[in-house]
Amino acid sequence: MFEFLFKYPRSVYARGQFALLGAWPKWVLVLLILAVAAGLAWLIRSRLQQAAPMMRGWRSGVVWGLQTLLGALLLVLLWQPAITISELKPQQNIIAVLVDDSRSMAISEDGATRQAQAVKTLQNGVLASLNRGFQTRLYRVDAVPARIDSLKDLQPDAPVTRIGESLKQLSEETSDLPIGAVVLLSDGADNAGGISADAISALRARHIPVHTVGFGRERAEHDVELDDAVVAPRALADSRLAAKVTWRQRGYAGAKINLTVRDVSSPQAKVLAARTVTLGPDGNLQTETLMFDIGGAGARTLQIAAAPLPGEENTANNTLTRVVNVGSEPRRILYVEGEPRWEYKFIRQAEEDDRMVQIASIDRTSENKFYRQGISDPKELANGFPSRPEDLFVYQGLIIGSVEAGYFTPGQQELIREFVDRRGGGLLLLGGQFALADGGWNASSLTDLMPTTLPTQSATFHREADPRNGTTHTTAELAPAGIDSIITRLVDDPAANAARWKTLPYLMDYEDPGTPKPGAAVLANMITPEGRKLPLLITENFGQGRTAIMATGGSWRWQMSSPLGDTAHDLFWQQLLRWLVSDTPGHVSASVPAQLLLDNGAITLTADVRDQQYNPAPDAKVEAHILGPSGVGALVEMTPVPDSPGQFQAAWSAPKTGAYLTEVTAQRSVPNQGPDRNTGTVKELGRDVLTFQRMDGVAENFHTEQNRDLLERLAAQTGGQYWKPADLGKLAGAIPFSEAGVTMRETKDLWNLPLVFLVLLLLRFSEWWLRRKWGIV
Amino acid sequence: MKLVRPISATPLLLLLSLGLFAMQRGGYQGYGRQSYYYQTGPSVPSEFYWSRLQYTSSYAGGSSYGFRRFGGGWSRDYPKADNDCLIALRRLTRINSPSPLNVVDLDSDHVYDYPWIYAVSVNNWTFTDEEAKRLHDYLLKGGFLMVDDFHGTDDWEHFMAGMRMVLPDRPVEDLRDEDEIYHVLYDINEKFQIPSEVYVNTGRTYEKDGYVPKWRAIRNDHGRIMVAICANMHLGDAWEWADSPQYPEKFSGLAFRIVLNYITYAMTH
């Protein structure tokens, strides 16, 4: 219909430029149109007296409008309107026909694979029509473009699709050829995360339009696809971890599916967690968190899977893999307590079962006595709370119990700030009679460190009346932010967990922690005997580290007043203290952007290197020792990152699929003391271990529905057009209008468009019809 | 008429003898003072409550003349001994303990609210199965029990008969001087037998055949002391008679240091 009315294909209007070919200036046209309008107005007005009465109002205006439009249109036609457009010279240009050759094109739909449908479409006249005006070159496309002689050379088994990179490479490789346009037949299932700006720029620089032809269903009929699984890349041995699994389904709303987490690095691929969930509405993203024990130290490969359902079209997208590096180095916490109290005892008792977290503590037993526990040598904490960074920074976490702020010197308070901010440690403040606002922390120099704005008044700490006689109690409940937190997860099922919190025995005391700051997360609340809801557990990230307030010293009742064997108290404290120290970095902290390399081995290793006082160490010598599968090994020197003191980077490429273990070491030369001070000794600052894995061919199993959005955007950004296979008969007509290759400038008249004649007739007919309706004809 | 006086004196003598015998076995219970402390001590919110264990006494292996209410063996030296100890606790440590004395009964789950309990005359204690389980759970969950004031072989056997109902398989061990419980607050490197107030009149530090003081304990799986046993001694008397010029200071001094160490240990381990 479009071409019937407008005579030329849509692309002519999209790419061409409008012009008036008439020899007279354009201002004459404008003047004449105004003159026609004015003349008709004068004529109608002069005859208004003799006209029928009903024509004296707005109807005369309508007649004037229609006649003016008619006159204006005729005048425009006299100026010879036309479109000028670049057009490919026949037989002098090449059309590159690219067919997606990746595995997703082997998916069978409606009795034929996607690629077979593409081939059939090309063979059914499309190639022939293109060949009539141009030379064509056939390419198959997966990770790179490769020229083929015949469509029979296609074999949809490539493990990866990189459309953007392939187009960019094609553009570069054919820079000396007159490529007039590219025709891409694909399902748009690109594994590189989209078309890069570089690829688009390369195509636009040569003005090559990409015409995309979409194959594959835009919506699967029966499929469950795991969209993502978020698992912490690092953990302490024996940690309880969470896998946040997100998926989407079509065709199975209301059905039940089994989700599992397996440790495939264990001999029998041990199942770590399993849960049955009910599938939600079609197309909606659903999320479920599975909790599991990660086990002992080492590199763990986790397989997160949704069990295939009957009739599923694609079961390869039901499994995701994640890598977790489980550390074996125990973490140490310094716990400072201002008085003997039960909370201290029961926190220590909870940690007895956690071999990865050790608590060294100072308890002020009398006015002038301190009791040390958990120390590793007699000198540790012998002088009380540390005053030097190197003494405090050996710990990964710090707990301050019922201790007044004034107990710490200004220097020690600043050290606490540095511990969190610079060293990246975790700070936990407990409630107590000498804690928080009642301990003067609201007037200390560390108020900005707190996750809450502490109350300005004192007397915020309240004890339970003698429990035997008391009738009112302080109870805890889970806050919304605590539902997905690993700290507050006492039971795996979220609903059961929330219910479990409500059944915890009441707290022996509580302290008003004030108002949570923006950015802080309230994981649990408490209901006071007066019915006030106050935050109980608040966490926040601060600088490189993290801070938290547990606004009670009476959670020990969760242990004593629960049945013997109940793990709630111990589990809560173990999880809270692990959160406190798990992410505290060492002197060397190595990282990679992604631990899973899909189809591409290129990886950038980054290391943050700190000296003994956790200041950046830009003068360190940093090396990465990489061990991979089948004897792959490399020693890579890492170089400093400009403008980022202490940061080092190295680019490397994993040549084979499999797991890679990398140990990053940092050394520093320390000048000798004494006469030979010009020489130095090399001292190790620290080391860190990370793991990553290369997997090929996995990404191709995901997002197998036709990515029409990507194909449409690619076409729009390059001046091409998205086509459905059924419309490809018109492709040959649209191809010539391109500015790439060998072109000529064509001028196409518009005065003889069928649409113009239709409009002229319509204007005259409208006036006639209106006059008939008004009864004046 | 000549027989009237002897006849009337006989029941009086009998009553007096029985009373003296009962006092010997059960001690002076001071009921009036107990009720004063017990009834006029509205609890004050505290971190630490001095809690004495109330249980059913059953003398000499099941005789029916033991009982549970005030005046039973569990309340020997109460409240003065406890009160003096509490005063020392407040004076010499930073443990928050403003509340008056507290009595906890094994027939109630409220025992779990007080992770420290003190029991005396445990050679007389008896438990129902429910009470034994409650004390068993209490100890394994983190509670601490200090037992005192029983002497000799028979008392030990009777004490252990009750203990075996509570912790059937846990061994009892002798505490060594270097154990942490003797260094947590005071470094107690020298210990000796702490006698009851009988020492004032007799000079004897032992009772029955309990010639040697036994500093013993029962631990949990992690080595934490759950039950601290002071056998062949009477620390309660040493606190109670601390202000008596006749009772030697060295006994009271050690008794105070011991109990403060035990409490501090209970609150740190």
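The analysis underlying the following values was restricted to heavy atoms, covering all of them including side chains, and did not include hydrogens, waters or symmetry mates. Quick caveat: nothing in here was measured; it's all calculated off a predicted structure.
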Contacts with chain A made by residues 160-177 of chain B (heavy-atom distance under 4.5 Å), listed by residue number
none
Under 4.5 Å to a heavy atom of chain B? For A:Gln433 that would be side chain
So, the part of B:Thr264 with a heavy atom under 4.5 Å from chain A: the answer is side chain
Contacts of type side-chain contact (heavy atoms from CB on, under 4.5 Å), residue A:Gln358, not counting sequence neighbours
A:Pro330, A:Arg332
Which bit of B:Tyr265 is near chain A, if near means a heavy-atom gap under 4.5 Å: side chain, backbone, both or neither?
neither
So for B:Asp137, is it side chain, backbone, both, or neither that comes closer than 4.5 Å to the heavy atoms of chain A?
both
Looking at A:Arg341, A:Arg364, A:Glu367, A:Gln559, which one has more heavy-atom pairs under 4.5 Å with chain B than the rest?
A:Arg364
Which region of B:Leu140, side chain (C-beta onward) or backbone (N, CA, C, O), has a non-hydrogen atom less than 4.5 Å from a non-hydrogen atom of chain A, or is it both or neither?
both
Once you measure the plane-to-plane angle for B:Trp50 and B:Trp116, does it fall in the parallel (<30°), tilted (30-60°) or perpendicular (>60°) bin?
tilted
With B:Tyr118, the ring pair (Phe, Tyr, Trp, His ring centres under 6.0 Å) member among B:Tyr55, B:Phe48, B:Trp239
B:Trp239
Could you tell me how the ring of A:Trp342 sits relative to the ring of A:Trp556: parallel (under 30°), tilted (30 to 60°) or perpendicular (over 60°)?
tilted
For B:Ser108, is it the side chain, the backbone, both, or neither that has a heavy atom closer than 4.5 Å to a heavy atom of chain A?
neither
Contacts of type side-chain hydrogen bond (donor to acceptor under 3.5 Å, both in side chains), residue A:Asp509, not counting sequence neighbours
A:Thr552
Taking A:Gly553, A:Ser562, A:Ser361, A:Gly565 one by one, which has the highest count of heavy-atom pairs under 4.5 Å against chain B?
A:Ser562
Axial cation check for A:Tyr506 ring with A:Arg557, 6.0 Å and 45° limits
yes
Of the non-hydrogen atoms in A:Leu236 and A:Val581, which two are nearest, and what is the gap between them?
CD1-CG2, 4.3 Å
So side-chain hydrogen bond (donor to acceptor under 3.5 Å, both in side chains) across residues 525-534 of chain A, not counting sequence neighbours, yields A:Glu477-A:Lys533, A:Tyr510-A:Glu530, A:Asp512-A:Arg532, A:Thr528-A:Glu530
Top residue by heavy-atom pair count (under 4.5 Å) with chain A, among B:Asn96, B:Thr93, B:Ile263?
B:Asn96
When A:Asp353, A:Ile347, A:Asp363 are compared by non-hydrogen pairs under 4.5 Å with chain B, the top option
A:Asp353
Indicate yes or no: at least one non-hydrogen side-chain atom of A:Leu334 is less than 4.5 angstrom from one of A:Leu381.
yes
Identify which part of A:Tyr335 has an atom lying under 4.5 Å from any heavy atom of chain B, answering side chain, backbone, both or neither.
neither
Is it true that B:Lys133 and B:Asp129 make a salt bridge, defined as a side-chain N closer than 4.0 Å to a carboxylate O?
no
Verify the neighbour count for atom CH2 of A:Trp558: are there more than 12 heavy atoms of other residues, nucleotides or ligands below 6.0 Å?
yes
